[in-house]
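Below is one structure; the comments refer to it alone.
All values below come from the heavy atoms of this structure, side chains included, with hydrogens, waters and symmetry mates left out. Proteins get letters first, then strands, A, B, ... in listed order; numbering begins at 1 in each.
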Protein chains: 2
Amino acid sequence: MSTAHHRKKQPLFVRQQLLDVAARLASEKGMTAVTLDAVSGASGVSKGGLLHHFPSKNMLLEALFESLLARLDAAIEEAMRADPMPHGRFTRGYLHACLALRDQPQGTKDWAQVTMVLLSEPQLRQRWRDWVRGRSEEYVGTDSSVDAAIVRLATDGIWLADLLGSHDMDEGARERLIGRLIELTQL
Amino acid sequence: MSTAHHRKKQPLFVRQQLLDVAARLASEKGMTAVTLDAVSGASGVSKGGLLHHFPSKNMLLEALFESLLARLDAAIEEAMRADPMPHGRFTRGYLHACLALRDQPQGTKDWAQVTMVLLSEPQLRQRWRDWVRGRSEEYVGTDSSVDAAIVRLATDGIWLADLLGSHDMDEGARERLIGRLIELTQL
DNA sequence: CATAACATACCAGTTGGACGGTTTCGTCAA
DNA sequence: TTGACGAAACCGTCCAACTGGTATGTTATG
C-alpha cells in the first residue's frame, strides 16, 4: 500500500545487510538483543522480509556463523598462498588470519566479538568443532606437530585476549611473541 | 494457600541453587534460555522467590559471574599457597587453577561454558577486564615478565580449546605443554 | 511481633513466527 | 519486441506464548 514495495529488489544486498545488522547487535548488546524485530527494524527491512531470507531465527544465526567461517577460511587461504614453505603452513595461515582480522581498520573488530557470542550458543559450537576437525584432518600431513598445536592454541589465546581487552601488552612484546610463534611452526 | 509456603526456609541454599540452575541453563542452552521463568521453574522456586533473592535479571547474572570469579580466585589462592617460589607464582596459580577446574569430576566442565556465555554479554565483559587489571596490578612485582604474560595467554587458549572441544591432543602432549609453561614462569 | 523468606496473581510489552497480500523480475512463447 | 506468467522478493498484520517486573499476599524464624 505504501511506497515500501516500490524500492528496487536487491536480494543479495539485503541479505548481507541483515547479517551485518545481526552481527552488530550481537557484538554491541549481546545475544539477548538479537531479536527478529530488532534486526528487521535496524536494517529497514520488514520482519516478513527478514523471514523470507532466513526462515527462522536459528537459520539466521547459522547463516551468520557460516559467513564468519567463510571469511576466516578465505583469510587463511590468502595467507597460505603467500607462504612457500609447506611445513606448518596452515598453522601460520591460521595465525596470520586471526591477526589480520583484528588489524583491519573498519569495524571488523566486531568479528571476534560476534564469533564469541555465537560460540556461546551450544547449537553453533558443534559447527565450530566440525570446522576444526575438518581442518586438522585436511592438514594432518603438514600441521600435526606438537609445536603447531601449541601455536594454534596460543593464537586462540591472543584472539580471546584481544577481544576481551585483557592481558594488554605493548607492541614490542607482541612482535616478539608472534615472531616466536612463527618460529615454532617451522621446527 | 497450597503447601508451598510450609517448607523450611533456607535462604543460602535456595540462593545457591538458583545460581546453579542459571549456570546449567546457560551452559546447556545458551544465553537466550536463561529467563526468569526458566530459572525459577527449573529450581522449584517461584518467580517471586527468585526476584526476592535477585532483584533483577541483571543482578542474577552479575551474581553468577561474581560467584565464578570468587571460585576462580579461591582456586588460584589455593594453588599459590602450595607454591614456595614468589617469582611467577600468580601465573602458575592461574594456570593450575584453570587446569584444576577442568579436571574436577562433577559437572564443573560447565564452569568454562558458563564463563564463556557470560563473557559474551558486553556488560559483564567490563567486570572481567577489571578483574584482570586488578590482578595484574596486584602481582606486578612477581608476574610482569613477558614470559609470564605468554603463559597466561596460553592458559586462556587451553581453556578455550577445552571448552570448545577443539584442538584435541593426547595426554602426553598436554603434559609436555604444561611442563614447558611452568618452566617459562620460572625464568 | 518485626522482618526475612518465600508464594500467587497480574501486567504491559516483546517474542518468534504464520499468513496473505503486493511488487518486481527473469523468461519464453508469439 | 512484446507481454503474459510464474516465481522470487518483499511488506504489513495478527497472534499465542512468553518476557521481565510489580504488587500483594502468606508463612516461618529470630
Distance below 4.0 Å between [X] side-chain N/O and [N] OP1 or OP2:
X	N	result
B/His53	C/dA5	no
A/His52	D/dC11	no
B/Ser46	C/dT8	no

Do the side chain of A/Arg89 and the main chain of A/Asp83 share a donor and acceptor less than 3.5 angstrom apart?
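Pair found, side chain donor or acceptor close to backbone of A/Asp83.
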So, does A/Arg92 use its side chain to make a donor-acceptor pair with the main chain of A/Met80 at under 3.5 Å?
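No.
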Rounded to whole angstrom units, what separation is found between the [atom1] atom of [X] and the [atom2] atom of [N]?
X	N	atom1	atom2	result
A/Leu50	C/dT15	CG	P	13 Å
A/Phe13	C/dT24	CZ	P	18 Å
B/Gln17	C/dA5	CD	P	16 Å

Flag if over 12 foreign heavy atoms under 6.0 Å of CD, A/Gln186:
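Check passes, neighbour count above 12.
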Thinking salt bridges, do A/Arg135 and A/Asp143 make one under a 4.0 Å N-O criterion?
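Between A/Asp143 and A/Arg135 there is no salt bridge, as every charged N stays at least 4.0 Å from the carboxylate O atoms.
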With 3.5 Å as the limit, what N/O pairs link the protein to nucleotides 17-20 of chain C?
| residue | atom | partner | partner atom | Å |
| --- | --- | --- | --- | --- |
| C/dG17 | OP2 | A/Lys57 | N | 2.9 |
| C/dG17 | N7 | A/Lys47 | NZ | 3.4 |
| C/dG17 | O6 | A/Lys47 | NZ | 2.9 |

Does A/Ala33 have any side-chain contact (heavy atoms from CB on, under 4.5 Å) partners at least two apart in sequence or in another chain, and if so, which?
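Result, side-chain contact (heavy atoms from CB on, under 4.5 Å) vs A/Ala33: A/Lys29.
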Residue from B/Val39, B/Leu60, B/Leu36 passing side chain to side chain contact (heavy atoms under 4.5 Å, CB included) with B/Phe54:
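That would be B/Leu60; it is the only one of B/Val39, B/Leu60, B/Leu36 passing the side chain to side chain contact (heavy atoms under 4.5 Å, CB included) with B/Phe54.
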